[in-house]
Amino acid sequence: MNDKERDEPSRDGAEIEEGPDSVRRGLLKMAGAVAALTLAPGVTVFARDLVLKGQHKAKGPVRYGLLIDARACKTGCDACVRACQDYNGLSHDPGPDNAQWIRKVTITDEKTGFTRSFPMMCQHCAHGACVDVCPTGASFRRPDGIVLVDKHRCIGCRYCLMACPYKARSFVGRVVKDQRPWAPRGKGTAEGCTMCVERVEAGKLPACVAACQKAGHKAMMFGNLHDPKSAIAVRLSEVATTTIRADLGMAPGVHYRGI
Amino acid sequence: MRARAGVLAVLSVILALGLVWAAHRRPVAMPVVPRAPGHCVLPTAVMLRTHMMLLRSVREEIVRHDARDTRFRLTGCVACHVEHTASGQPIPVNAPGQFCATCHTYVGVHLDCFACHAAVPETPGKFGGLRGQGAVQAAFRIPRALRGRFGASGAGGGR
């Protein structure tokens, strides 16, 4: 429970949803009266007040997320993928060593033949496996819920590529030139969807969402999941949506409708 | 004995040649750093000594703690200090003779910011960027109210 070092979820009281951490927190709460858990002689885990008082249930004011309506997403349209590549300076060429921040996925139910096409990218999980496994703390979650790679700390070990069940991370294996000023990227680091963090901070939509709207499909919606008045939160409260591999308990910030 | 005398002779010839070379060697000229318009975010003397620390600490704030409005971000440095060709094309700041490369070559310090970061500012209107170059420059110009804190002449030049 070293919340001080893994400061992202606990900073400014950001939310902790159901997940492996909350199970551990629950165990710690049981030992609340003691406030310290002796594992072995000389090895003691001290629980912080924050955990014991149950403040971890408080939700942070901002958690950015996406709602992707797979019913509206058009098979064969890759406007979002193109927009991401253009904006972030990625190659259009789907070569084996080219980074892929967002991709179109087509799923088919073999029994019924039901087919859906939708974009997949970093799901910006509350308890991302990439953040868990990163040995240097380079993979981290911002207080607003966006999961990023701090490339200053990334040593290129590729654990996050292995850990992510969504295959959302890429590794840069070659020297990169002509980077966009807002999207630094270089050889030897892992990377993935940034939810266009600098656009979001400037009050704009992520490039993929903007492109989807421009293409007239309106299959992607962006907003603050924790603001009950935001369009995305209202929509999520009204319609049936799902997160992919919700069983993993990582609480993704990207929701899907119609899959 | 003869072998030792031979080695000594060769060594003294090398030493003599070295002394002659040292005597005729011209001192390495101080680097001439291209000047940028306007005021820097801190006085030149401070920036010369601390820019690496500033960038290092501020990158932590910018990347991890969403303090993106800070004055010390690298894109701000690049936006001000980039030079342009006659046809108006920006020249990377790490190209030979440019702002960053001039000093880093002189002191022999490897510069790897630009392995990942763009060495030219964003081109207005291209790729749907957020701001024009002028806006970036304006955003990182030192506020008038703060200039007095660093001496009477303001922020200490535009280097």
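Proteins come first, then strands; the chains are lettered A, B, ... in the order of their sequence lines, and each starts at number 1. Just so it is clear, the values below take in all heavy atoms, side chains as well, and ignore hydrogens, waters and symmetry mates.
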(message) Can you tell me if A:F171 has over 12 outside heavy atoms packed within less than 6.0 Å of its CZ?
(response)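 Count over threshold, so yes.
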(request) Step through the shown structure and confirm whether more than 12 heavy atoms of other residues, nucleotides or ligands are within 6.0 Å of CG on A:D93. (result) yes
(request) Answer with side chain, backbone, both or neither: which region of B:V78 has an atom nearer than 4.5 Å to a non-hydrogen atom of chain A? (result) neither
(message) Any heavy-atom pair between the side chains of A:R185 and B:C116 that's under 4.5 Å?
(response)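 The answer is no, as the side chains (C-beta and beyond) never meet within the 4.5 Å cut-off.
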(request) Heavy-atom pairs under 4.5 Å with chain B are the metric here; pick the option from A:G188, A:A183, A:G137 that has the most. (result) A:G137
(request) Between chain B and each of A:A83, A:G186, A:A210, A:P181, count heavy-atom pairs under 4.5 Å; write down the option with the most. (result)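 Heavy-atom pair counts peak at A:P181.
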(request) State whether the side chain of A:Q179 and the backbone N or O of B:A119 hold a donor-acceptor pair below 3.5 Å, judged by distance alone. (result) no
(request) Go through the steps to decide whether B:R59 and A:K151 satisfy the test side-chain contact (heavy atoms from CB on, under 4.5 Å), and finish with yes or no. (result) CA-CA 10 Å; B:R59 77 183 190 189; A:K151 289 171 190 180; over 6 Å; no
(request) Could you pull out the closest heavy-atom pair between B:R64 and A:P143, with the gap in Å? (result) O-CD, 4.4 Å
(request) Please report the closest heavy-atom contact between B:V63 and A:L148, naming both atoms and the distance. (result)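 Minimum heavy-atom separation between B:V63 and A:L148: O-CD1, 4.3 Å.
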(request) Could you tell me the separation between the OG1 atom of B:T75 and the CZ atom of A:R180, rounded to the nearest 0.5 Å? (result)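 Between atom OG1 of B:T75 and atom CZ of A:R180 there are 15.5 Å.
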(message) With rounding to the nearest 0.5 angstrom, report the NE2 to CD1 distance, A:H152 to B:I62.
(response)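 If we round to the nearest 0.5 Å, A:H152:NE2 and B:I62:CD1 are 8.5 Å apart.
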(request) Sort A:A211 into side chain, backbone, both or neither according to what part of it lies under 4.5 angstrom from a heavy atom of chain B. (result)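 The answer is neither part of A:A211.
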